[in-house]
2 protein chains.
Amino acid sequence: MHPSRRVTIIDVARHAGVSTTAVSKVMRNAYGASPEMQIKVRAAIEELGYRPSAAARGLRGQTYTIGVMLPEMRNPFFADILDGVTEHLGGTDYQVLMAACCNDEAGEVRITEAMIDRSMDGIILIAPISSRRHLQKVARAVPTVVVGRHGHSPDYDTVTDDDFAGAGLVVDHLVALGHRRIAHIEHAEKNPVRLKEMPNAQRADGYRHAMQAHGLGDYIDIASTTYTQQGGYLGAQQLLARPQRPTAIFAGADIVAMGVLDALTEAGLSAPQDISVAGYDDTMFAAFGPISLTTVDQAGHQMGLNAVRLLLDRVASRGRPTAQIKLSPTLITRRTTAPIP
Amino acid sequence: MHPSRRVTIIDVARHAGVSTTAVSKVMRNAYGASPEMQIKVRAAIEELGYRPSAAARGLRGQTYTIGVMLPEMRNPFFADILDGVTEHLGGTDYQVLMAACCNDEAGEVRITEAMIDRSMDGIILIAPISSRRHLQKVARAVPTVVVGRHGHSPDYDTVTDDDFAGAGLVVDHLVALGHRRIAHIEHAEKNPVRLKEMPNAQRADGYRHAMQAHGLGDYIDIASTTYTQQGGYLGAQQLLARPQRPTAIFAGADIVAMGVLDALTEAGLSAPQDISVAGYDDTMFAAFGPISLTTVDQAGHQMGLNAVRLLLDRVASRGRPTAQIKLSPTLITRRTTAPIP
DNA sequence: TGTGACGTGAGTAACGTTTTCCACGATGTT
DNA sequence: AACATCGTGGAAAACGTTACTCACGTCACA
């Protein structure tokens with residue numbers, strides 16, 4: 001069987017007895033098409049099952065495609081953001097396409113360039129680790145919104161969670177339960193720019209600040225590893241080996257908390273009987289019965305919603321000054337934290 | 001500042017003092033370019049930082065884009081498949097773009113059409129629920145590989161896990177531990193075609209068959225709900241209400257097992273002391289210390305690898321007969337299953 | 001010395017849209 | 001009655017690439 005040539009705008013125009021210009025106008029709801037024309041054309045489109053080629057469109061106008069770059073696929077928190085994005089785009093002609101990157105800078109460059117090459121109308125970068133320089137370059141080529149990375153730029157909008165405040169919520173909660181020796185596991189970061197802009201650094205700062213605010217400056221104790229399960233495991237081992245063991249561990253991310261729980265189990269301890277444990281992100285598994293992790297909800301859905309709103313806004317008017325949206329996190333209390341024994 | 005017009009193939013040609021045809025040939029490593037020509041052109045490309053426009057390419061030739069459709073983003077098993085895909089594509093010019101769907105047929109249609117509209121070179125559909133008719137239609141428009149759905153077609157290749165055998169592994173394991181009352185929670189399916197093709201149905205069949213092979217036909221007990229946490233919760237409640245309670249529950253998916261564990265906790269029971277629980281998929285959280293779920297590893301990485309291999313193969317020679325690859329699952333024994341008390 | 005094949009490169013016509021004009025008739029205004 | 005304005009629709013020129021075709025020189029062979 002033949003793969004039967006695709007229906008083009010020319011076929012539709014011929015079938016409706018009008019010009020291709022007219023069909024194009026109707027497709028885009030553009031100005032200059034009378035109601036009768038609209039009806040005639042829409043009928044022809046329907047009848048022939050016409051769908052415009054995005055490639056051809058991209059050559060002149062828009063592609064109606066929004067790109068989303070994720071640092072990884074396994075953190076369900078990103079799925080929440082995505083949900084916010086797609087939900088808001090559901091009624092429109094836009095389509096979201098994602099690319100997951102390997103958490104390294106080269107991968108991010110590859111993906112962003114691929115999205116620019118494919119003339120996407122706009123892109124959303126989630127927690128990018130690339131240099132500022134690269135982000136600027138991308139943002140100048142195509143409307144861009146950066147999610148989950150602090151700091152602002154004249155070229156792209158940002159949507160972040162108030163990580164500083166979120167860390168404070170956790171400390172407040174633990175202090176209210178009577179804890180004083182509250183330790184933190186952070187993601188080690190050396191690059192000075194990223195140190196300012198990445199959420200992990202803000203969480204560590206928020207932790208320090210809140211501890212001091214409670215007069216617990218002397219109990220500040222931080223293990224520097226990575227935001228991975230392995231990092232949580234190693235960090236907890238470090239903390240458990242202290243001469244004075246902490247009574248609570250605030251892990252910078254839920255996945256880190258999983259590693260902490262592993263280390264506790266291995267040491268014959270359990271949460272919250274021996275040590276309270278809190279995470280950050282409110283990922284799907286934090287809610288599972290056997291885990292039931294106290295954590296911080298970042299309102300990923302809201303972040304996605306705001307990101308795409310800003311993006312469409314910028315697509316419409318590229319000149320407008322950039323905006324920074326900061327959302328407030330909320331504490332989710334579950335069963336891994338309890339009053340000090 | 002001006003967004004400075006993109007560098008085009010014409011700029012490169014002019015800069016190198018050759019024709020655009022020559023540049024195009026070099027870009028694609030096509031036949032008919034002498035070594036000196038190659039060097040000259042590559043130098044110009046480098047110097048100008050030229051990157052071809054995928055939109056323009058798509059209008060005539062390839063877009064070097066592979067689309068992957070996922071039923072959802074929260075199941076980390078799909079991330080394994082993706083890893084296999086991107087790894088194999090790492091060295092090539094191809095770029096993977098994903099779209100996550102809402103687990104409904106309309107969403108799948110929207111995504112597949114969007115991918116066709118964007119003239120992707122090939123698409124990989126992961127566990128699609130669409131009608132066969134739609135799959136065929138898609139596959140005729142663009143090279144397609146279907147992953148995680150049984151049944152074969154003259155139009156698309158398939159890569160699946162041997163779900164029937166995988167279910168058998170679980171039953172064998174539980175029987176070896178002394179269990180006889182082994183219940184199963186399946187995803188209810190009415191559509192007769194999907195009943196044959198979807199993995200969930202195969203798992204249920206494998207369960208039945210294995211039970212009978214062990215002479216336990218009388219103990220076959222199935223709760224029909226859905227492959228969700230909620231479905232697991234409800235299914236477990238049904239099973240716990242039986243006059244003769246099962247001693248083991250085989251959930252058709254890890255996420256279902258999470259719901260089962262929730263229901264057990266609520267009923268004051270625990271695994272494996274009171275009831276053994278097994279899942280399917282070996283998702284990330286199955287490995288978490290506090291959960292430690294016995295499950296079946298589907299070798300997602302291998303599935304992705306094979307899928308993309310088949311796809312590139314088909315892109316190269318669209319005519320070849322379709323292939324069906326079936327991979328073997330392995331049992332991962334953890335702490336939610338134990339000898340019968 | 002023709003003749004055919006081959007390797008190399010260029011010219012040009014697509015590919016399917018959108019955009020920028022411009023023409024035309026109707027309508028309103030002086 | 002002359003003239004600007006407006007609404008409508010079409011012609012044609014982009015957009016940046018690849019595929020097709022052809023010309024030219026070189027080489028091998030009869």
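Being a predicted model, the structure only gives us computed values, none of them experimental. Naming: A, B, ... by sequence-line order, numbering from 1 per chain.
Side-chain contact, B:Glu87 with B:His301: a donor N or O sits under 3.5 Å from an acceptor N or O. Between the side chains of B:Ser24 and B:Arg28, at least one donor N or O sits under 3.5 Å from an acceptor N or O.
Rounded to a whole Å, the CE atom of B:Met27 is 12 Å from the C1' atom of D:dG16. Taking atom NZ on B:Lys40 and atom P on C:dG9, their separation rounds to 7 Å, with Å as the unit. For the pair A:Lys25 NZ and C:dC21 P, the computed distance is 14 Å after rounding to whole Å. Distance A:Arg118 CZ to D:dG16 P: 17 Å, rounded to the nearest Å. One atom, CZ of A:Arg57, and another, C1' of C:dG16, lie 11 Å apart when rounded to the nearest Å. What separates CD1 of B:Ile10 from P of D:dT18 is a distance of 12 Å, to the nearest Å. A straight line from CG of A:Asn29 to P of C:dT18 spans 12 Å, rounded to a whole angstrom. Protein atom OH of B:Tyr31 is 16 Å distant from nucleotide atom C1' of D:dC20, rounded to whole Å.
Between A:Tyr50 and the phosphate of C:dT17, there is a side-chain N or O to OP1/OP2 separation shorter than 4.0 Å. Dashed line: the shortest gap from a side-chain N or O of B:Thr8 to OP1 or OP2 of D:dG16 is not under 4.0 Å. For the OP1/OP2 pair of C:dT17 and a distance below 4.0 Å, the side-chain nitrogens and oxygens of A:Arg28 include no atom meeting the criterion.
Below the 3.5 angstrom threshold, one finds no donor paired with an acceptor across the side chain of B:Arg60 and the base of D:dT17. In this model, a side-chain donor or acceptor of A:Thr21 finds a partner on the base of D:dA11 within 3.5 Å. No N or O donor and acceptor, one from the side chain of A:Thr20 and one from the base of D:dG10, sit under 3.5 Å apart.
Here C:dG16 is the nucleotide among D:dG9, C:dT8, C:dG16 with the atom lying nearest to any side-chain atom of A:Ala56. When distances are taken from the side chain of B:Leu59 to each of C:dC15, C:dT17, C:dG9, the shortest belongs to C:dC15.
Nearest heavy-atom pair across B:Arg110 and A:Gly90 is NH1-O, 2.8 Å. A:Pro128 and A:Met69 make their closest contact through CB-CE, 4.1 Å (heavy atoms, listed as atom of the first residue, atom of the second, distance).
Formation of a donor-acceptor pair under 3.5 Å by the B:Ser317 side chain with backbone atoms of B:Arg314 is not found in this model.
Mapping A:Ser24 and B:Pro35 onto DNA chain C by nearest heavy atom places B:Pro35 closer to the 5' end of the strand.
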